[in-house]
Amino acid sequence: MEGTVITITSGKGGVGKTTTTANIGAALALLGKKVVVLDGDIGLRNLDIVMGLENRIVYDIVDFIEGRCRLRQALIRDKRAPELYLIPTAQTRDKSAINPEQMKQVCDELRKEFDYVVIDSPAGIEQGFQNALAPADDVLVVTNPEVSSVRDADRVIGLVESSEKGPARLIINRLVPARVKKQEMLSMQDIIDVLSTDIIGIVPEDEAILSSSNRGTPVVFNGKGPASQAYRDIARRITGEDVPLTQPQATSWWQKLLGRVE
Amino acid sequence: MGFLDRFFGTRSSSETAKQRLQLVLVHDRAEIPPGMLALIKDDIIAVLSRRVNIDRDKVAVNVTHEAKSSKLLVDIPLLSNDNNAPGRMRGEPQRPRRTSSSS
């Protein structure tokens, strides 16, 4: 059976696409799937450093497309999971170095060998986004509970729909339950009401994320914290498992006292 | 939302965010900017007042978005009084008045 290509996108920058890609890719690999994560942001290479694989890059996807290496040579193995690989992007080129047709060809090759190809799309809706969208079987749109990223998510969901790649599913990233409770932040239900899109996961704000990028270790590899759990749940939903979706709750003082919070 | 906000009935910021988003997305999806509606409203009033007596201040023009289609909803109350029955042809066209609100 051929693998599935999942594109992670958002419209707005800085909402957590790269972190989401790294963690979903790693979580799928921890479920025993054969996974490759593909950095789609030519010229702004980042998936490698978030995953801690930056020092192992020899070839990148543009090298493969331009015939300087075989596809296998551009794959970097992440030894923390049984079958997890990264294909880095080029750092000194721009989005015009690849076209949508070439992205499809690369992904068709990868599909034969991997269960999942997870693409980290660049921000924006120009060619880099179109490149990332072209090979997608599934599209996940990352948004934050904040007006500008929700508006951009709506635009991207519309574009995904009109490219017949829809329906896209939504990941609400960096939700702070305590602020939702105080009605200072859009809730899961608010965002569902506004966007009328299926939600595949809610990732709570988690201090562990910053230290995990500092170290180059995606949280799913070692954390039991809320973000790690949320990414693992998303990975299980991707594989078709029915994992109930619940709005994260603010922890009360007595829960903290009992040490239920990391 | 704090106690004082609740006491004075101030709307929470998340509620404001949701309402602003719902409004802006309707316009984004329909590709009609909000300011355009005020102009459309003026045009409709100008055209219709030549023929019928309408209640200019209560004319409402809105965009709605459902599933995959957008609609322009226009609500035009007719003025009915003995001297000026609704729908009656008027001899002299009225000068269009610009409306100020952007609905």
Side-chain angles (χ1 to χ4, degrees), chain A residues 10-12 15 124-125 141-168 170 172-199 202 204-205 247-250, chain B residues 1-44 58-77 98-103:
Chain A
S10 67
K12 190 175 181 296
V15 298
I125 51 174
V141 175
V142 182
T143 190
N144 296 153
E146 169 277 326
V147 291
S148 58
S149 74
V150 173
R151 185 189 197 177
D152 289 1
D154 186 73
R155 179 98 172 92
V156 166
I157 289 164
L159 290 171
V160 171
E161 196 74 43
S162 56
S163 323
E164 291 173 0
K165 297 284 185 182
L170 200 68
I172 302 174
N173 195 25
R174 308 192 67 172
L175 187 108
V176 185
R179 302 197 73 182
V180 170
K181 199 176 169 191
K182 283 196 269 180
Q183 291 183 273
E184 291 173 358
M185 184 179 267
L186 291 164
S187 67
M188 169 179 89
Q189 193 56 49
D190 288 337
I191 296 173
I192 292 174
D193 291 348
V194 168
L195 293 181
S196 53
T197 304
D198 277 349
I199 292 188
I202 304 167
E205 176 76 64
Q247 167 132 334
Q249 297 300 312
Chain B
M1 189 158 69
F3 168 75
L4 283 177
D5 290 334
R6 229 166 297 178
F7 187 76
F8 290 111
T10 319
R11 191 186 291 152
S12 72
S13 72
S14 70
E15 185 58 25
T16 306
K18 184 179 176 181
Q19 288 182 354
R20 290 180 60 223
L21 269 170
Q22 279 172 327
L23 197 63
V24 80
L25 289 183
V26 162
H27 291 285
D28 285 356
R29 289 165 184 167
E31 295 174 43
I32 301 177
M36 181 78 78
L37 284 189
L39 300 179
I40 291 173
K41 186 171 163 182
D42 288 345
D43 290 348
I44 289 171
K58 290 187 182 144
V59 172
V61 181
N62 286 299
V63 185
T64 62
H65 188 88
E66 282 154 19
K68 283 177 181 170
S69 65
S70 299
K71 270 185 197 163
L72 197 61
L73 291 183
V74 184
D75 189 38
I76 307 162
R98 289 194 77 82
T99 52
S100 53
S101 87
S102 61
S103 74

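Throughout, protein chains are lettered first and strands after them, A, B, ... in sequence-line order, and every chain is numbered starting at 1. Because only heavy atoms are used, hydrogens play no part in the values below, and waters and symmetry mates are left out as well, while side chains stay in.
No more than 12 heavy atoms of other residues, nucleotides or ligands sit less than 6.0 Å from atom CG of Asp198(A).
Rounding to the nearest 0.5 Å places CD of Gln19(B) at 11.5 Å from CG of Asp193(A). Considering NZ of Lys181(A) and OG of Ser14(B), their distance stands at 14.0 Å, rounded to 0.5 Å.
The two residues Val194(A) and Arg29(B) make their nearest non-hydrogen contact at O-NH2, 3.1 Å.
In this structure, no portion of Ile191(A) lies under 4.5 Å from any heavy atom of chain B.
Contacts with chain B (heavy atom to heavy atom, under 4.5 Å) involve these residues of residues 151-159 of chain A, listed by number: Arg151(A), Asp154(A).
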Pair Leu21(B)-Leu186(A), side chain to side chain contact (heavy atoms under 4.5 Å, CB included): steps then yes or no | CA-CA 11 Å; Leu21(B) 269 170; Leu186(A) 291 164; 3.8 Å; yes
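The most heavy-atom pairs under 4.5 Å with chain A, out of Lys18(B), Gln22(B), Glu15(B), come from Lys18(B).
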